[in-house]
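First the structure, in the form of structure tokens, and then the observations on it.
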Amino acid sequence: MIKMKSIFKYYSAGAIKTYVLRDVDFEVSEGEFVTIMGPSGSGKSTLLHIVGMLDDPSDGEYHFLDEAVHKLSEKQRAELHKNYIGFVFQSYHLIDELTVYENLETPLLYKKIKGDERKSMVCDILDRFQIVGKKDLFPNQLSGGQQQLVAVARAVITNPKLILADEPTGNLHSSQGEEIMELFKKLNENGTTIIQVTHSEKNAAYGKRIVNLLDGRISRA
Amino acid sequence: MFKNYLKLAIRNLLKDKTYSFINIIGLAIGIATAFMILLYVYHEMTYDTFHRNAQHIYRITTSTTSGNGTMHTARTPNAMAPALRNDYPGIVNAVRVDVYEARLLLNGLPFKERLCYADPAIFDMFSFSLLRGNPATALQDRNAIVISEEIAQRCFGKEDPMGKTLCLDTGETVTVTGILREIPERSSIKFKILRPYAAGNYDDSLHGGEAFHRYNVRTYVQLSENFPPSELEKQFPRFVEKYLPAHQKSRNQFHLQKLTDIHLHSHLLDELEPGSNVTYSYILLGIAAFILFIACVNFMNLSTARFARRAKEIGMRKVLGAARAQLVKQFLGEAILLCSIAMVFGLALAEIVRPIFNDLVGKELELFPAGSPLPALFSFLALALAMGILSGVYPAFFQSSFPTLELLKENVRPARSNLTLRRLLVVLQFSLSIILIIGVGILFQQLDFMRDYDLGFEQEHVVVVPIDLFGHKEPKQASGIAGAIRDELSQCTGVISVSLCEEIPGHDAPRLLGFDWKGKDYLPIKQFSVDENYFATLGMEFVEGRNFSEEFGADVSGDAVILNEAAAKVMGWQSAIGKEMKFLRSEDRVKVIGVVKDYHFQSLHYAIEPLVFFFRTKSSPYHRYLAVRINPRDIPSTLDRLKKKWRAVVPNRPFDYFFLDDEFNRNYQTEELWSKIITCAALLTVFIACLGVFGLTAHTVTQRTKEIGIRKVLGATVANILSLLSQDFVKLVLLANLIALPIAYFAMNRWLQNFAYRIEISWWVFVLAGGLALLIALLTVSTQALKAALANPVESLRYE
């Protein structure tokens with residue numbers, strides 16, 4: 001599903017190049033649950049952003065579902081990303097001005113899904129995540145765990161093939177964290193590919209494979 | 001999708017109430033101002049367009065060349081209209097019109113109304129209409145009179161006025177043949193009473209006589225489609241050759257002037273209604289555009305400043321798959337919603353201030369003129385949409401242009417260039433504010449200067465009573481009345497002296513007499529007649545010679561004149577006493593018996609011109625004013641006594657008076673109006689500029705919260721922080737000063753050229769205006785800077 005070859009990412013400040021990723025080769029097959037680990041500043045979030053097409057590599061090749069991403073236009077990339085990828089962030093990033101229901105509805109609006117279908121999809125996901133009772137609340141009326149639950153629901157509502165999670169439990173109590181990880185596990189069992197970035201060994205254990213990053217390189221541990 | 005956007009827009013408005021309030025109020029004020037100004041300008045620009053034939057109607061004007069330059073007047077020879085109609089079949093209609101403010105008695109009731117004498121075809125050519133009566137026949141009879149509804153009501157109460165008779169003070173009995181529908185405000189010909197031209201006793205016999213000597217009327221022609229005005233103008237030289245008396249042939253020229261151009265583009269002598277200047281409309285339009293522009297700029301500023309707070313939302317929307325176009329649409333939608341709300345507030349505001357504005361400009365403007373509210377409404381809606389788009393475009397594109405990852409970071413710092421643009425706009429706003437403040441300062445200085453100027457006569461404590469009613473139609477009846485009044489009034493306690501005269505200072509004197517000038521050319525010179533008390537009553541001094549006196553036969557017979565210094569100078573005389581002046585086209589001569597010191601008989605717009613005084617004894621029926629110098633002590637009771645005496649002599653006439661200084665200062669009405677308008681504009685601009693600074697400070701404070709926190713932790717005092725945040729604005733306002741000062745100097749210097757007597761522009765006005773702008777800016781900045789400076793640094797650093 002994902003094939004990356006000699007990916008570099010650097011920032012230039014004058015003549016000095018600061019490397020974040022150096023010569024990274026990274027492959028993920030469909031249905032995998034991969035954990036990226038590494039200390040702060042090792043480039044794991046950057047790698048995740050490149051995978052999610054939120055960021056471009058400075059150099060290297062990236063194939064996603066047999067499409068050469070590095071050759072696509074901005075618009076085509078946005079299309080790929082919209083149709084196949086869901087994101088979960090450490091700080092949830094729900095839209096504060098929208099209710100739970102409206103937050104869940106937003107990605108469907110951007111996919112131009114018709115009103116009736118949209119309604120049934122939102123109701124469906126509310127059911128699945130057992131948050132029907134919260135649908136008219138605003139994010140600041142929810143606990144952190146509940147907010148992340150909504151964020152995950154929002155990420156999966158469009159049935160993406162790939163979910164990218166950037167420290168999804170970083171801001172949560174451990175019991176809430178476990179709940180979210182269980183959810184990821186279940187999604188993975190149903191066929192969704194998941195890539196997560198985490199510091200926590202415990203969370204890493206939910207995944208099937210661990211990739212370690214150190215100073216922008218994959219270390220063969 | 002639309003519902004979603006709308007919901008979000010409303011929630012965002014409610015969430016940040018200060019922001020929404022400032023934005024909406026700023027825009028609403030801009031909109032209200034623009035509406036009022038547009039309304040005014042529209043009104044000005046559509047004068048006379050209500051006439052069906054407006055596009056084909058022209059007014060004939062006359063220019064007369066003489067040794068003293070060229071004189072342009074709206075008056076034409078009385079016989080011109082019939083002669084034109086006779087000679088040129090391309091002229092559909094030619095109508096003579098003469099309008100003046102008449103004081104007259106109708107069935108014994110005193111009226112002071114605009115009276116019009118016109119050819120019956122006036123109803124064919126112009127779209128004046130009658131509420132009652134037949135326009136085709138209303139003016140056919142010499143004894144016909146058409147009156148306004150109001151006058152009819154005063155004369156006849158609830159009775160049907162049609163066919164009723166009215167008795168005039170001249171002894172004539174006239175029949176009401178029509179009731180006039182009120183003439184629109186936007187008309188350059190206005191009257192309340194209409195009488196047939198034939199009733200006016202104008203001398204215009206086509207053959208012989210003085211038909212083409214008399215210039216009493218204005219002539220309007222309606223041309224047919226295939227007879228363009230340029231064609232008629234080409235015929236004028238031949239017309240002059242054929243009809244005009246010999247001495248005028250080489251001097252007089254006729255021109256055509258479009259009816260719809262009269263109000264804004266005509267500045268002739270003897271206009272029927274005071275015209276306006278199109279420049280004023282353009283200045284107003286400029287101010288309106290600028291105020292709207294500034295309001296939009298502030299809207300942009302505040303929107304982009306708020307960007308930081310919405311960055312996360314925008315970022316997340318991008319992650320969720322929002323295309324750029326969709327984000328742009330969302331922000332545009334919000335801008336349009338805000339503008340629409342501001343539009344409603346603006347309209348309400350405009351309606352509230354309308355009476356004040358109408359009072360200010362002396363018009364009766366309506367937001368939605370009766371009859372056609374829909375186009376106005378639509379244009380307002382279109383304006384809201386246009387402004388929404390205009391002011392929404394920049395923030396919408398700006399806000400959606402950031403890379404997603406940047407947006408999701410906790411602290412977003414927009415690019416530097418964008419800040420530069422915003423600063424530039426603040427500079428622009430302050431420049432205009434400073435220019436307007438300086439303008440206000442200089443306008444008021446000049447007005448004060450003119451009001452306090454030594455005019456060369458004593459203008460205070462002079463009561464003027466117009467008495468021209470006595471002489472209007474039947475002079476012989478009136479002779480003696482004026483003298484009787486003068487004698488009676490001068491016996492009143494509190495009265496110092498009383499004079500009868502034809503003209504008072506502040507009014508333009510008629511420039512009728514042509515004198516032979518050094519044997520070469522002729523000199524039309526301003527002149528009017530006075531009695532022997534005139535110079536003493538107005539406190540004027542003689543340079544040489546003596547006053548008029550009834551004891552001298554030459555004075556009484558009209559062979560003696562008094563000059564002002566300017567007249568003596570233009571004639572080239574060191575001493576004028578005993579010198580003779582010869583009239584043009586006759587062998588009559590007058591002898592100079594005195595010279596008075598130059599005084600300002602006209603407003604300070606004009607330099608002092610040569611002037612000739614003729615003598616009329618108190619028994620003459622031709623005096624038009626009674627000037628009464630009174631003791632400054634206890635003016636009200638003196639006025640009371642004057643009124644009682646007046647009633648005793650002329651019981652039928654109202655005692656209608658004004659003070660000479662007030663009348664003189666009416667010459668500065670335009671300047672006074674403009675000083676008020678510019679003051680309002682300055683206040684508005686300053687206010688809106690403050691909103692701009694407020695928005696920019698809000699932005700800076702948000703941006704620098706962390707910095708302020710760190711500085712405070714490191715020991716900065718509140719004063720340190722305040723100066724840190726204000727520094728930037730001080731620089732901007734100083735820059736604005738640099739831009740504004742030369743522009744203001746140039747503009748005001750040009751404006752002052754309108755006055756022959758003017759102030760020197762003083763530097764302290766500039767310092768004051770610049771300082772004021774700085775002070776206002778600092779006050780605005782400190783409201784928010786203080787809040788930031790007083791905040792607990794722990795709060796601002798917590799999220800890092």
Side-chain angles (χ1 to χ4, degrees), chain A residues 9 11 20 45-46 48-50 52-56 74-99 101-115 118 138-140 150-151 153-158 160 163-164 166, chain B residues 1-17 19-20 303 306-331 333-334 337-338 397 399-413 416 798-800:
Chain A
K9 179 74 184 178
Y11 297 98
V20 185
S45 288
T46 308
L48 195 72
H49 291 148
I50 291 176
M53 297 167 215
L54 293 177
D55 209 349
D56 303 324
E74 173 88 38
K75 212 169 169 184
Q76 289 166 312
R77 249 180 299 184
E79 205 57 33
L80 267 185
H81 152 154
K82 185 157 85 181
N83 289 326
Y84 297 108
I85 302 173
F87 263 99
V88 178
F89 295 93
Q90 179 178 0
S91 46
Y92 337 126
H93 286 329
L94 294 176
I95 296 174
D96 293 336
E97 286 77 19
L98 299 181
T99 62
Y101 185 97
E102 287 156 356
N103 261 294
L104 292 175
E105 193 184 26
T106 307
L108 303 178
L109 288 169
Y110 289 128
K111 281 190 85 172
K112 301 212 166 79
I113 289 167
K114 292 266 168 350
R118 209 162 62 213
F138 286 93
N140 57 15
V150 175
R154 186 178 61 178
V156 301
I157 195 167
T158 54
I163 287 182
L164 301 174
D166 192 353
Chain B
M1 202 78 189
F2 175 74
K3 220 175 87 193
N4 193 276
Y5 285 156
L6 187 70
K7 206 157 47 185
L8 198 73
I10 291 172
R11 280 190 201 147
N12 268 315
L13 280 184
L14 293 177
K15 195 179 162 201
D16 205 339
K17 291 199 182 70
Y19 160 82
S20 311
S303 303
R306 230 172 48 123
F307 165 73
R309 266 173 278 176
R310 295 191 63 181
K312 206 186 87 180
E313 177 201 331
I314 302 159
M316 202 52 224
R317 280 181 182 275
K318 283 184 129 184
V319 171
L320 293 176
R324 181 133 185 229
Q326 285 166 316
L327 288 173
V328 170
K329 260 188 250 163
Q330 182 190 338
F331 284 103
E334 280 182 32
L337 178 76
L338 208 71
F397 278 93
Q399 289 175 337
S400 59
S401 70
F402 278 80
T404 317
L405 279 178
E406 288 288 314
L407 292 166
L408 289 174
K409 282 180 187 158
E410 288 297 332
N411 243 331
V412 181
R413 280 164 227 280
R416 187 95 187 148
R798 176 181 289 170
Y799 294 106
E800 286 300 313

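Protein chains get the first letters and strands the later ones, always in sequence-line order, with residue 1 at the start of each. The structure presented is a predicted model; accordingly, all values stated were derived computationally and were not measured.
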* **Residue part contacting chain B, namely of L54(A), when any heavy atom lies under 4.5 Å** => both

* L94(A), part contacting chain B, at a heavy-atom distance under 4.5 Å -> backbone

* Asked: How about Q326(B) and K112(A): do any of their side-chain heavy atoms sit closer than 4.5 Å?
  -> yes

* Asked: Are any non-hydrogen side-chain atoms of T99(A) and R11(B) less than 4.5 angstrom apart?
  -> yes

* Structure fact -> When rounded to the nearest 0.5 Å, the distance separating CD1 of I95(A) from CG of L320(B) is 6.0 Å

* Asked: At a heavy-atom separation under 4.5 Å, does E79(A) approach chain B through its side chain, its backbone, both, or neither?
  -> neither

* To do: Name the region of N83(A), side chain, backbone, both or neither, that has any atom closer than 4.5 Å to a heavy atom of chain B.
  => neither

* Asked: When you look at CZ of F89(A), are more than 12 heavy atoms from neighbouring residues, nucleotides or ligands closer to it than 6.0 Å?
  -> yes

* Sub-3.5 Å donor-acceptor pair from the side chain of H81(A) to the main-chain atoms of G321(B), do we have one? -> no

* Pairwise distance CE(M316(B)) to OG1(T106(A)) - rounded to 0.5 angstrom -> 9.5 Å

